[in-house]
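Written below as structure tokens is the structure these notes are about.
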Amino acid sequence: LGRLTKSLFGGGEGRARWSIMRAANKSSRSAALEAEDAARRAAAALIQKRFRDQTFLHRDVGPTVMCLKGGARALWGSINFGRARQSSFLACSDTTSAPLIAHIFQLHWSLPTPEMILSVTGGAQDFELTPRLQSLFTNGLTHVAGRSNVWIITGGTDSGVMKLVGNAMASVGHKNPIIGIAPYMATNGRDLLNGCHGDTVKYGGVAPAGRQGAPLNPNHSHFLLVDAGTQRSPFGTEIGLRNELESYFRKTKRTPLVLLVVQGGPGTMTTVAATAKAGDPVVILVDSGGAATAIAAYCEGGGSLDAVRETVGEKFADEKKAAQLQQIYELHKASGNTLLTFFSIDSVDADLSASLLDAIIKVHTAGADKESLAGGTAVGGRAELGVDATAVTSSAGFTSPRAEVSERSSHAEASQSNGRERRAVASHSVAVRMLMLAVNWNLPENASRIIGRLGTGVGYRVAVKEALQRALFL
């Protein structure tokens, strides 16, 4: 090898040959780096172009690419309720994708990404809360919305809990987005919206709420009217798209979501079950009656229908509703009793805003604890795959089926570990957001509990520093 090297690169000719090879190699590497850099620039330019195109599409074109259930163009524009009250609206098919609607919200309507989504469900018929509960409800709602960018989502009509929410927010003049998601075919006065493509329509002289539908509440800022066609009853046809939209923001934007239940009927039970199944927190106004009181009685009574009968009668004790109550109860138990939070006026410190914040923290803390437990049982999980602790490879480099199973098991464990890390990061991110909300809402006890759950490290120090700066600013 030495003689060969000397013959190739020894002497003046060999050194010249070596210099040529080095230059060629250097030139080759330089060309490769330039090509790689050019590819990066081209990819960045393509991404930027796609982003500009998508932004233009949703901001300036937006609803024109959408349609109603029958294929006709979607309806959109502004609704003038009189007295300087004007709201944006969009009517589209129930098959429209949630991401597309989310882009309309944020780019066409210019709504900023929310710090939290408060989804309110309950009675669709007009009802009255007791004076004390009405006061706690209004104060809690306006406190939550007053100091942070919270989206409030309701059914949007001028009746029941939707009317309560709209009127409560209007009474204090808050400008938070109040988004009403209602069935288009059950919206009274929808004929006034026909043919509206970016215009402003006057909404007046509309029939009051009845069996065929209800008018829109004038104190909502935005409306999404969901068209499911005429082949079935329109009531409840908006629930699927509403759930998808809320889930989109929760998963892709990591926006905390909490469902507030006020009174309600059978449809409310379905919504609560779907929310609990998705793992989102639910706050029940125990004293509001209807489905809210029935759910609280069943869960706090240990799954007893007798407790339901004693509080709300037989209305929520039939076979179908009993099955829904049992599903909600089992989901609540499986979560370690963290999914449902029962808010009662009999509480010593009855503060609805604190209960909403605590509900979110409980669920995410329980999720993080479960991930920790899962991490501690990784060995048991491997045993379930049937992996033997004995040697699993044979001679001649041949990999036995046992070795393949072991390798797959290792990959599965690595994937699970990465998944746990991502969920832990997401949980920490939510906790930091909740800490800032606790500071904004002036809830020092809640802030103290959240800080105790953040752990230690750089993330902890940064979060606490930002919270302190925000507190000093306020």
Exercise for review: Quick one: which residue pairs count as a salt bridge (Lys or Arg N to Asp or Glu O under 4.0 Å) with a foot in residues 164-174, not counting sequence neighbours?
Suggested key: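 Pairs touching residues 164-174 that pass the test: none.
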Review point. Among all residues two or more places apart in sequence or in another chain, which pass the salt bridge (Lys or Arg N to Asp or Glu O under 4.0 Å) test with E128?
Key: none
**Study point:** R190: partners by salt bridge (Lys or Arg N to Asp or Glu O under 4.0 Å), with sequence neighbours left out
**Key:**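 Partners of R190 by the salt bridge (Lys or Arg N to Asp or Glu O under 4.0 Å) criterion come out as none, since no residue qualifies.
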Do any side-chain atoms of residues 221-230 form donor-acceptor pairs under 3.5 angstrom with protein atoms, and if so which ones, sequence neighbours left out?
{"from": "S221", "atom 1": "OG", "to": "I178", "atom 2": "N", "distance (Å)": "2.9"}
{"from": "S221", "atom 1": "OG", "to": "I178", "atom 2": "O", "distance (Å)": "3.3"}
{"from": "D227", "atom 1": "OD1", "to": "G229", "atom 2": "N", "distance (Å)": "3.0"}
{"from": "D227", "atom 1": "OD2", "to": "K69", "atom 2": "N", "distance (Å)": "3.0"}

Study note, to complete from the structure: residues 270-283 vs side chain to side chain donor-acceptor pair (under 3.5 Å), sequence neighbours excluded, gives R250-D280, T270-Q324
Review point. So which heavy atom on L245 is nearest to which on A102, and how close?
Key: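 L245 and A102 have their closest heavy atoms at CD1-N, 3.9 Å.
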Revision key, fill the gap. Shortest non-hydrogen pair, P183 vs P234, comes out as CB-O, 3.3 Å
Would you kindly say whether [X] and [Y] are connected by a side-chain donor-acceptor distance under 3.5 Å?
| X | Y | value |
| --- | --- | --- |
| N219 | N167 | yes |
| E115 | T255 | no |
| Q326 | Y298 | yes |
| D94 | T237 | no |
| Q134 | T138 | yes |

Check your understanding: Which value, rounded to the nearest 0.5 Å, describes the distance between I179 atom CD1 and E246 atom CD?
Key -> 9.5 Å
Revision key, fill the gap. Taken to the nearest 0.5 Å, the spacing of T268 OG1 from I284 CD1 works out to 9.5 Å
Point to revise | Test side chain to side chain contact (heavy atoms under 4.5 Å, CB included) applied to E244 - qualifying residues, sequence neighbours left out | key: A98, L241
Check your understanding: So, the side chain of T252 versus the backbone of Y248: is there a donor-acceptor pair under 3.5 Å, distance only?
Key -> yes
Review point. Counting only N and O atoms by type, is there a donor-acceptor contact under 3.5 Å from the side chain of N176 to the main-chain atoms of V150?
Key: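 Looks like yes, one N/O pair under 3.5 Å.
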Exercise for review: Taking the side chain as every heavy atom from C-beta outward, state whether E314 and K321 have any pair of such atoms under 4.5 Å apart.
Suggested key: no
Exercise for review: Report yes if the side chains of V120 and V161 come closer than 4.5 Å at any heavy-atom pair, otherwise no.
Suggested key: yes
Study note, to complete from the structure: Test side-chain contact (heavy atoms from CB on, under 4.5 Å), reference I181, set I153, T154, I239, N243, output is I153
